[in-house]
Student: 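Mind having a look at this structure? Questions to follow.
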Amino acid sequence: MPAPTLRLRGFDIHKQYLDPAAQKALIDALRPVLKAAPLFSPTTRFGKQMSVRMTSAGKYGWYSDARGYRYESHHPNGQPWPAIPDPVLAIWHDVTGHDRTPDCCLINYYGDGARMGMHQDRDEADFTWPVLSVSLGDDGLFRIGNEERGGKTESIWLESGDVVLMGGAARLIHHGVDRIRAGSSRLLPKGGRINLTCRVVD
DNA sequence: AAGTATCA
DNA sequence: CATC
């Protein structure tokens with residue numbers, strides 16, 4: 001369990017946890033996952049489509065539609081989600097210190113202009129398990145708020161290779177992504193930002 | 001409200 | 001940036 005380089009409102013931020021070679025290896029490992037489980041943009045229960053495109057790997061995938069947020073065992077194409085790639089699991093085990101494997105690796109893709117509103121991760125059964133976030137590609141402006149909606153917030157630019165651990169008292173803190181710095185990274189040939197979030201669901 | 005528009 |  002490496003020491004975080006930075007702590008912000010209870011979030012452990014590991015700046016540049018992954019070197020460029022490790023980032024590249026991760027992208028290579030994600031390629032077959034994205035091929036088997038293509039990105040899609042879910043809608044919220046108010047009928048608004050999200051600007052972020054997403055898919056998942058693991059036992060469950062995060063999903064939203066008119067019925068609300070939930071975890072699903074299958075991609076909308078009817079297939080089970082692909083397995084979580086080993087390099088992702090290795091990061092989870094090292095940074096969290098947990099032997100238990102995550103049930104879900106949500107893969108969020110932010111193109112230029114994509115945003116994620118402030119929210120809590122609360123669709124899991126047990127909030128004592130942390131959520132792990134891995135940033136790849138373009139920089140993203142990450143905003144951290146409070147357990148209650150509203151109030152003052154703090155922002156930090158997350159860069160390719162940064163890893164954030166959201167756990168303990170900070171597990172239910174609101175967070176979101178305000179903007180993407182398009183073209184800031186060459187990691188992804190087509191540009192954009194990929195964020196992986198690993199969670200224990202059951 | 002994992003959203004958007006509006007306001008100071 | 002706060003509020004809805």
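In what follows, every chain begins at residue 1, and chains take the letters A, B, ... in the order their sequences are listed.
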Student: Could you state the atom-to-atom distance from CE of A:M50 to C1' of B:dG3 in whole Å?
Tutor: 9 Å
Student: Distance between the C1' atoms of B:dT6 and B:dA1, in whole angstroms?
Tutor: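 Rounded to whole Å, the distance is 16 Å.
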Student: Side-chain donor-acceptor pair under 3.5 Å between A:D202 and A:Y71, yes or no?
Tutor: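 Result is no, nothing qualifies.
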Student: Could you go through A:D94 and A:Y17, starting from their C-alpha distance and side-chain angles, then the distance that decides it, and tell me whether this counts as side chain to side chain donor-acceptor pair (under 3.5 Å)?
Tutor: CA-CA 11 Å; A:D94 184 44; A:Y17 177 85; 2.3 Å; yes
Student: For B:dA2, does either OP1 or OP2 sit under 4.0 Å from a side-chain N or O belonging to A:R149?
Tutor: yes
Student: Taking the six-membered ring of A:F127 as reference, does the NZ or CZ atom of A:R171 fall below 6.0 Å from its centre and within a 45° cone about the axis?
Tutor: no
Student: Quote, to the nearest angstrom, the P distance that separates B:dA8 from B:dG3.
Tutor: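 Result for the P pair: 25 Å, nearest Å.
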Student: What's the CZ-C1' distance between A:R122 and B:dA2, to the nearest Å?
Tutor: 13 Å
Student: Let's test this: given Watson-Crick or G-U wobble pairing with both distances under 3.5 Å, identify the partner of C:dC1.
Tutor: none
Student: To the side chain of A:M116, which of C:dC1, B:dT4, B:dA2 is closest?
Tutor: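 Looking only at heavy atoms from C-beta outward on A:M116, the closest nucleotide is B:dA2.
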Student: Indicate, with a heavy-atom threshold strictly under 4.0 Å, whether A:M118 touches base, sugar-phosphate, or nothing.
Tutor: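 Sugar-phosphate contact only - A:M118 comes under 4.0 Å of backbone atoms but never of a base.
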Student: Among side-chain atoms of A:D121 and A:H119, is any donor-acceptor pair under 3.5 angstrom?
Tutor: yes
Student: May I have the distance from A:M166 (atom CE) to B:dA2 (atom C1'), rounded to whole angstrom?
Tutor: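 Nearest whole value for this atom pair: 12 Å.
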Student: Calculate the interatomic distance between A:R143 atom CZ and C:dT3 atom P; express it in whole Å.
Tutor: 12 Å
Student: In whole angstrom, give the distance that lies between atom NE2 of A:H174 and atom C1' of C:dA2.
Tutor: 15 Å
Student: Is A:T44 touching bases, backbone alone, or none of the nucleic acid, heavy atoms closer than 4.0 Å?
Tutor: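 A:T44: backbone/sugar contact only, no base atoms under 4.0 Å.
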Student: Does A:H93 reach the main-chain N or O of A:H98 with its side chain, forming a donor-acceptor pair under 3.5 Å?
Tutor: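 A pair under 3.5 Å: yes.
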Student: Check the distance between B:dG3's C1' and A:Q120's CD and give it to me in whole angstrom.
Tutor: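 The answer, rounded to whole Å, is 16 Å.
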Student: Scan A:D123 against the nucleic acid and name what it touches under 4.0 Å (heavy atoms): base, sugar-phosphate only, or nothing.
Tutor: base
Student: Without decimals, in angstroms, what is the distance between A:I173 CD1 and B:dA2 P?
Tutor: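 Rounded to the whole Å, the gap is 16 Å.
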Student: What is the distance, rounded to the nearest whole Å, between atom CG of A:N146 and atom P of C:dA2?
Tutor: 10 Å
Student: From C:dC1, B:dT4, B:dA1, pick the nucleotide closest to the side chain of A:R115?
Tutor: B:dT4
